[in-house]
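Here the structure is laid out as C-alpha cells; the discussion comes afterwards.
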Amino acid sequence: EPEVTQTPSHQVTQMGQEVILRCVPISNHLYFYWYRQILGQKVEFLVSFYNNEISEKSEIFDDQFSVERPDGSNFTLKIRSTKLEDSAMYFCASSEFGTGVANEQFFGPGTRLTVL
Amino acid sequence: QKEVEQNSGPLSVPEGAIASLNCTYSDRGSQSFFWYRQYSGKSPELIMFIYSNGDKEDGRFTAQLNKASQYVSLLIRDSQPSDSATYLCAVNIASYDKVIFGPGTSLSVIP
C-alpha cells in the first residue's frame, strides 16, 4: 500500500542552525501539507502546497519557514534559524484532491526535531 | 480564530462497552470532518470521515454529524484494549485547503 515517508526520523540541531525535513508524498497525490505537534499538544497546521505554490499557511509559518518541491518526488520543509520552541514532531501529509469534501490526508510517520 | 474543541479525557471504558467521543467546531462553513486515532509517538491515522448530516458506520465505528449544532461525534462499539489511544477530531476550514485539529480525547479501554 502506498505510504508517505519522512526522513530523518529524528533530527537534533543547535539553536540557530538550519534544518531541512524531507518527505516523499504518495506518488499520485497533488496536495501536500506540513503539520507540527509539540509534545503533549495538538496537531497544528503549518502549510498547504499545490501546483508548486503555497495554498494556505498558518500564523506559525513565518519567514523562518519555507517549503519546496525540488523534484518530482520530494517535498521539504526548511527552518532557517531554529529556536528552542521549534522542537516538535513534524508530520508531512498528502492528499489526492485536497481537503475539501471527503478527501483523506495520508500522514507520514513524522520527524522528531530537537533543538538544543 | 477557527476552533475545534474536544473533551480531553481521559475517558475510561470497560472492554466491550461503547465509547462515545465528542467534538464541536466553530466554522459554520466547514464541510468535511475527520476522526483520527493517534497512538503515543505515532502519526495520526484516519478512522473515518463524514460530510453529510446523520450517521456513517464503518465496522465498529459510527460517526455522527449535526451541522446545525456544529457537533460531530464518534462511537466505538465493542471497545477493545487496542482502541486505547488519543482520538483527534479534525475539521476542514471552508474555502481553504486547511484542516485544523482538536486537542484530542484520550481513551483507555480497560480489559
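Chain letters run A, B, ... following the sequence lines, proteins first and then strands; every chain starts at 1.
- Looking at A/Y31, the atoms closer than 4.5 Å to chain B (heavy atoms on both sides) all sit in the side chain, from C-beta outward.
- For A/E53, the CD atom is loosely surrounded, since the number of other residues' heavy atoms within 6.0 Å does not exceed 12.
- Hydrophobic clustering, with ILVMFWY side chains joined whenever heavy atoms are under 4.5 angstrom apart, keeps A/F32 apart from A/I26.
- Hydrophobic clustering places A/I54 together with A/W34 (ILVMFWY residues linked when any side-chain heavy atoms are closer than 4.5 Å, directly or through intermediates).
- For A/Q105, the parts lying near chain B are the backbone and the side chain together; criterion is any non-hydrogen pair under 4.5 Å.
- The structure places NZ of B/K98 at 12.0 Å from OG of A/S55, a figure rounded to the nearest 0.5 Å.
- Between chain A and the residues B/V99, B/T86, B/L88, the most heavy-atom pairs under 4.5 angstrom are made by B/V99.
- Contact of A/Y33 with chain B is made through the side chain alone, with heavy-atom distances under 4.5 Å.
- Around NZ of A/K57, the count of heavy atoms belonging to other residues, nucleotides or ligands within 6.0 Å does not exceed 12.
- Proximity of a side-chain donor or acceptor of A/S48 to a complementary backbone N or O of B/D97 within less than 3.5 Å is detected.
- Within 6.0 Å of CG on A/L116 lie more than 12 heavy atoms contributed by other residues, nucleotides or ligands.
- For A/F107 and B/Y36, the distance between ring centers is under 6.0 angstrom.
- Under the 4.5 Å side-chain contact rule for hydrophobic residues, A/V4 and A/Y90 do not share a cluster.
- Atom CD of A/E44 and atom CZ of B/F101 lie 11.5 Å apart (nearest 0.5 Å).
- The distance from the OG atom of B/S43 to the CD atom of A/E3 is 10.0 Å, given to the nearest 0.5 Å.
- Under a cut-off of 6.0 angstrom, the local environment of CG in A/D63 is sparse, with at most 12 non-hydrogen atoms contributed by other residues, nucleotides or ligands.
- Within the 4.5 angstrom heavy-atom criterion, only backbone atoms of B/K42 (N, CA, C, O) approach chain A.
- Here the side chains of B/Q38 and A/Q37 are in contact, with some heavy-atom distance below 4.5 Å.
- Criterion: ILVMFWY side-chain heavy atoms under 4.5 Å apart, direct or through other members. Under it, A/L113 and A/V67 are part of a common hydrophobic cluster.
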